[in-house]
Protein chains: 2
Amino acid sequence: MGKLTRDAVIDQALRIGDAEGLQAVTIRRLAQDLGVTPMALYWHFKNKEQLTVGMGDHLMRGFATQEDTTRPWNERLRGLVADLVGILRRHTCAASVLEEVDQMEVPSFLRVWDTALGLINQAGFTYEESCLIARYLLKGAIALAGGEARDRHRPSDPEAAEARRVKRLNLQSLPRDSYPHIVEMATPLVDGCSAEVYDTFGIDLLIGGVEVMAARRTASA
Amino acid sequence: MGKLTRDAVIDQALRIGDAEGLQAVTIRRLAQDLGVTPMALYWHFKNKEQLTVGMGDHLMRGFATQEDTTRPWNERLRGLVADLVGILRRHTCAASVLEEVDQMEVPSFLRVWDTALGLINQAGFTYEESCLIARYLLKGAIALAGGEARDRHRPSDPEAAEARRVKRLNLQSLPRDSYPHIVEMATPLVDGCSAEVYDTFGIDLLIGGVEVMAARRTASA
DNA sequence: ACCTGAACACCGTTCAAGT
DNA sequence: ACCTGAACACCGTTCAAGT
């Protein structure tokens, strides 16, 4: 039989995570799927946290923004965020993984942090500010990706569709005088936005904040 | 002895959560602290999720931004975010609670959502955009509050200080040529930023993004 | 080097039963 | 109405032992 390898474990973990959510990824479930004892996994991973770190590392391994140093910092920063969002979009459980683990423990994600820090610092911010902005940007991208775009509701999942229907009805039946806007926007709230809005708008929003702060900085200097 | 009441449970849950982190809040631990059987809690809460929702609701109960409708939308939006950050700052576990539960299930947090949606929509955004922005803003505030400000490192916690020291050393011992900026900024990265930077900068950053998008919108219209 | 068996110390939750 | 006892089905993890 195929030997149990670190990568095989991570592959299966991602498969489960994408299909059933990260909370379905347990040591015991994983072992069962791989036809092995739970304790076998402890040979390849120190503990479950390291498994999750491994998942994150695997996900971010493909991340490589081309460093075209001729372009201005804000365009390059936008490219970085767009690439990150792209990965998060392709794997359903990617956002949860990065929320669960300490991002600084994921080697391949450190490359994202480093290039982000460099670009932001280059824009004229102090070290302290750069750290704050980088965290805001990366967490922001994850937060945006966490709220699924409409296209990701695959019709093949009637269970989730039903859950959304219930949720929408709950919001719509709130008292109109206390929660007028929630009642009004119940549908876009639970359905999320289209991928186009997501791309052109969500990323602009994140980068726009950084740009305007940079502009204020040089204006007052 | 004092009867077991819903509020008593939530109070104790918040006490544990603030002192030892949200993961230390378990049904069984809670029951033990309250001198009662674990199953007793199920009379007051349907399940653990509802307990966490209760914690979130309790935390956000004190939230009431004065609705000074004479001020422009962006100032009012800034006030809302500042108030939210204020609450998250006062309770160590507040951010974790709001990350864990479905925010839309927390009644008192729905008031935050509603006023945010109203103000954003008033700025001229579509429904879809408003939902996206509101999520970005609220999640962004939580993300910022999640990374602790320097002042919150109480000297009374030498264990956490030691953990930060180890973390900083780990970052500093990364290869300088692959991670130049992380090595350079290791200290502000693990220590977080000062409360002043946090307030004046972090919130400006969030609001700035919304303002600039609103400006672009009316400019192209 | 790589995996198993048995065991430990936890979880959340249900359900019938007590008062 | 409010709480308990006993039990179920899960967790992650350790440690000695097998090959």
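All chains are named by letter (A, B, ...) in the order of the sequence lines, taking the proteins before the strands, and each is independently numbered beginning at 1.
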(request) Enter the distance from A/Q32:CD to A/I27:CD1 here, rounded to the nearest 0.5 Å. (result) 13.5 Å
(message) Measuring from atom CZ of A/F63 to atom CZ of A/R111, what distance do you get when rounded to the nearest 0.5 angstrom?
(response) 9.5 Å
Run the salt-bridge test on [X] and [Y] with the 4.0 Å N-O cut-off and return the result as yes or no.
X      : Y      : answer
A/D102 : B/K167 : yes
A/R89  : A/D199 : yes
A/E184 : A/R176 : yes

(request) Can you run through DNA chain C from 5' to 3' and write each base as (, ), [, ], | or . depending on how it pairs? Watson-Crick or G-U wobble, both distances under 3.5 Å. (result) ||.|||||...|||||.||
(request) Indicate yes or no for a side-chain donor-acceptor contact from A/T37 to the backbone of A/M39 under 3.5 Å, with no hydrogens or angles considered. (result) no
(message) According to side chain to side chain donor-acceptor pair (under 3.5 Å), who are the partners of A/E100, at least two apart in sequence or on a separate chain?
(response) none
(request) Can you check each nucleotide of nucleotides 3-19 of chain C against protein heavy atoms at under 4.0 Å and return B for base, S for sugar-phosphate only, - for none, in 5' to 3' order? (result) SBBB----BBBB-----
